[in-house]
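See below for the structure under consideration.
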Number of protein chains: 2
Amino acid sequence: MYDRPVSSHTSRPAVSLAQRKRQLVSDELTEAALQLLAVKGFDAVTVDEIVAAAGVSKRTFFRYFASKEDVVVQFLADMGAGMRAELAARPAGERPSAALLHAVSGPLAACADHSDHAERALRVVQLILRTPALLARFLERQAQWREELTAELAHRLGLDPDSHLYPRLAAGTALTAFDAVLHRWSGSDGAEDPAELVGRAFAVIAPALDAVPEQ
Amino acid sequence: MYDRPVSSHTSRPAVSLAQRKRQLVSDELTEAALQLLAVKGFDAVTVDEIVAAAGVSKRTFFRYFASKEDVVVQFLADMGAGMRAELAARPAGERPSAALLHAVSGPLAACADHSDHAERALRVVQLILRTPALLARFLERQAQWREELTAELAHRLGLDPDSHLYPRLAAGTALTAFDAVLHRWSGSDGAEDPAELVGRAFAVIAPALDAVPEQ
DNA sequence: CCGTCGGTGGCACTTGGTGTCAACATGAGT
DNA sequence: ACTCATGTTGACACCAAGTGCCACCGACGG
């Protein structure tokens with residue numbers, strides 16, 4: 001997010017070396033973890049193996065990730081923030097279905113481009129979807145996204161999220177579409193285009209999203 | 001499900017004492033667990049405490065429940081099977097929105113009646129919704145329900161669940177409504193009527209459930 | 001009365017995860 | 001150059017969840 005703020009009287013970039021080191025360790029850890037997990041499966045890999053491969057102590061691992069699952073799920077965590085921001089940025093008059101479509105499309109677009117990052121994202125998604133422990137944590141995150149989308153949507157429409165079912169229903173339904181697309185994309189080994197899939201999904205659910213809210 | 005099968009030449013009911021003992025231990029365990037968890041919160045209670053209160057060994061606990069979370073979530077697990085069965089039992093010609101409404105209403109109806117069981121169900125739901133670890137496991141279960149509902153719905157409509165988004169979208173959307181109702185019911189301390197809430201929720205999402213599937 | 005079998009407890013063990021502390025690097029001020 | 005504050009790390013001890021193993025016991029059938 002921040003773009004190398006510069007301290008006022010030195011020429012060094014103020015992405016303070018310490019921060020770059022932190023990023024380095026984090027990358028090294030995720031790298032080692034993803035590589036091992038992809039090969040041996042989630043349950044067959046211990047944290048000790050991961051930290052051994054990354055060359056840090058177990059204690060350090062848990063300073064970077066809250067749990068063994070997190071090192072995988074974190075990879076997709078940006079999606080949540082991205083969706084909320086995208087929704088907040090949509091024009092106020094836009095129909096809910098269109099606004100939510102754009103909000104959900106953002107993160108999926110990152111999967112669409114066939115880059116290195118996208119290739120790994122596919123592996124990560126497949127790993128998550130077939131590993132119960134990872135799926136559980138992922139759904140937990142997604143529940144948070146749902147809360148955020150619900151709040152944003154309620155604010156957008158001037159509704160109280162506690163006295164109207166609509167915002168929660170709409171947010172949940174949009175995420176259901178997101179899930180369905182992810183599932184299908186993963187199942188087709190990335191062959192199908194997420195952008196096109198999400199379009200088809202929203203064609204189905206749009207009537208519900210744009211239904212007039214209960215009075 | 002089974003209704004006391006009787007062995008052919010004895011007068012004793014063949015719910016073999018052993019089975020009744022098993023049920024007894026299971027009940028004792030859930031009883032002790034729920035009581036402790038409700039008071040001290042999920043994280044502050046160890047399984048050692050639970051088994052001490054129930055008078056069995058820790059080893060036995062894990063013969064009955066796969067995890068500490070399970071002893072709570074199991075409580076709502078019947079809902080999943082109930083929904084699938086209910087959906088399968090609906091007449092073939094019924095519109096998806098109506099069939100899914102009935103499927104989802106079954107388990108919620110159990111909460112509606114203000115009995116002892118319902119009172120405890122409310123506590124359990126509230127505990128789950130405010131405890132991340134429990135929520136994660138609950139969502140994991142719900143993901144299984146979604147798979148089952150998806151399969152049942154696809155079968156019902158003669159669609160291939162892997163080449164059509166609709167079944168998964170419809171199942172997920174119905175469960176979203178279920179979640180929204182559960183959330184609201186829990187938030188109102190059981191004051192609001194689940195049956196009425198689920199009706200309102202389905203009024204919103206029905207247009208999507210009954211939309212004509214992609215060709 | 002005896003053998004089988006399912007359920008149980010006890011115990012050792014692995015693994016995820018945390019608290020604490022001492023060691024060390026960095027960076028700023030003097 | 002000295003020093004102090006801050007932040008990161010590794011080592012160690014520790015707790016709780018969960019599993020494998022085995023010996024034991026009570027119920028049931030012959």
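Note on naming: letters A, B, ... go to the chains in the order of the sequence lines (proteins, then strands), and numbering restarts at 1 for each one. Since we're looking at a predicted model, the values are computed, not measured.
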Taking [atom1] from [X] and [atom2] from [N], how many angstroms apart are they, rounded to a whole number?
X: A:Leu29; N: C:dG17; atom1: CG; atom2: P; value: 13 Å
X: A:Asp70; N: C:dG17; atom1: CG; atom2: C1'; value: 12 Å
X: B:Phe62; N: C:dG10; atom1: CZ; atom2: C1'; value: 15 Å
X: A:Leu36; N: C:dT15; atom1: CG; atom2: C1'; value: 16 Å
X: A:Leu24; N: C:dA25; atom1: CG; atom2: P; value: 17 Å
X: A:Gln19; N: C:dT26; atom1: CD; atom2: P; value: 15 Å
X: A:Arg20; N: D:dT8; atom1: CZ; atom2: C1'; value: 16 Å
X: A:Phe65; N: C:dT15; atom1: CZ; atom2: C1'; value: 19 Å

Inset, instruction - Could I get the full list of ring pair (Phe, Tyr, Trp, His ring centres under 6.0 Å) partners for A:Phe42, not counting sequence neighbours? - result: none
Minimum heavy-atom distance between [X] and [Y], given as atom pair plus value:
X: B:Val51; Y: B:Asp48; value: CG2-O, 3.1 Å
X: A:Ile205; Y: A:Ala177; value: CD1-CB, 3.8 Å
X: B:Thr176; Y: A:Thr176; value: OG1-OG1, 3.3 Å

Inset, instruction - Check whether the side chains of B:Arg141 and B:Gln74 place a donor and an acceptor atom closer than 3.5 Å, and report yes or no. - result: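 Distance-only check passes for B:Arg141 and B:Gln74.
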Legend entry - Electrostatic pair A:Glu196:A:Arg200 at N-O distance under 4.0 angstrom: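 Looking at A:Arg200 together with A:Glu196, the answer is yes, because their closest N to O distance falls below 4.0 Å.
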Legend entry - Positions of residues 41-51 of chain A (non-hydrogen atom under 4.0 Å from DNA chain C), listed by number: A:Val45, A:Thr46, A:Val47
Inset, instruction - Could you tell me whether B:Arg123 atom CZ has more than 12 heavy atoms of other residues or ligands within 6.0 Å of it? - result: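 Not more than 12 within 6.0 Å, no.
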Inset, instruction - Hey, can you tell me if B:His117 and B:Phe75 have their rings parallel, tilted or perpendicular (30° and 60° cut-offs)? - result: parallel
Quick test: give all pairs of protein nitrogen or oxygen and nucleotides 6-9 of chain C nitrogen or oxygen below 3.5 Å, distance rounded to 0.1 Å.
unit_1: C:dT8; atom_1: OP1; unit_2: B:Tyr64; atom_2: OH; d: 3.2
unit_1: C:dT8; atom_1: OP2; unit_2: B:Tyr64; atom_2: OH; d: 3.1
unit_1: C:dG9; atom_1: OP2; unit_2: B:Ser57; atom_2: N; d: 3.1
unit_1: C:dG9; atom_1: OP2; unit_2: B:Ser57; atom_2: OG; d: 3.1
unit_1: C:dG9; atom_1: OP2; unit_2: B:Thr60; atom_2: OG1; d: 2.3
unit_1: C:dG9; atom_1: N7; unit_2: B:Arg63; atom_2: NH1; d: 3.4
unit_1: C:dG9; atom_1: O6; unit_2: B:Arg63; atom_2: NH2; d: 2.7

Legend entry - Rounded distance [0.5 Å steps], CH2 in B:Trp185 versus CG in B:Leu129: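 One finds 10.0 Å between CH2 of B:Trp185 and CG of B:Leu129.
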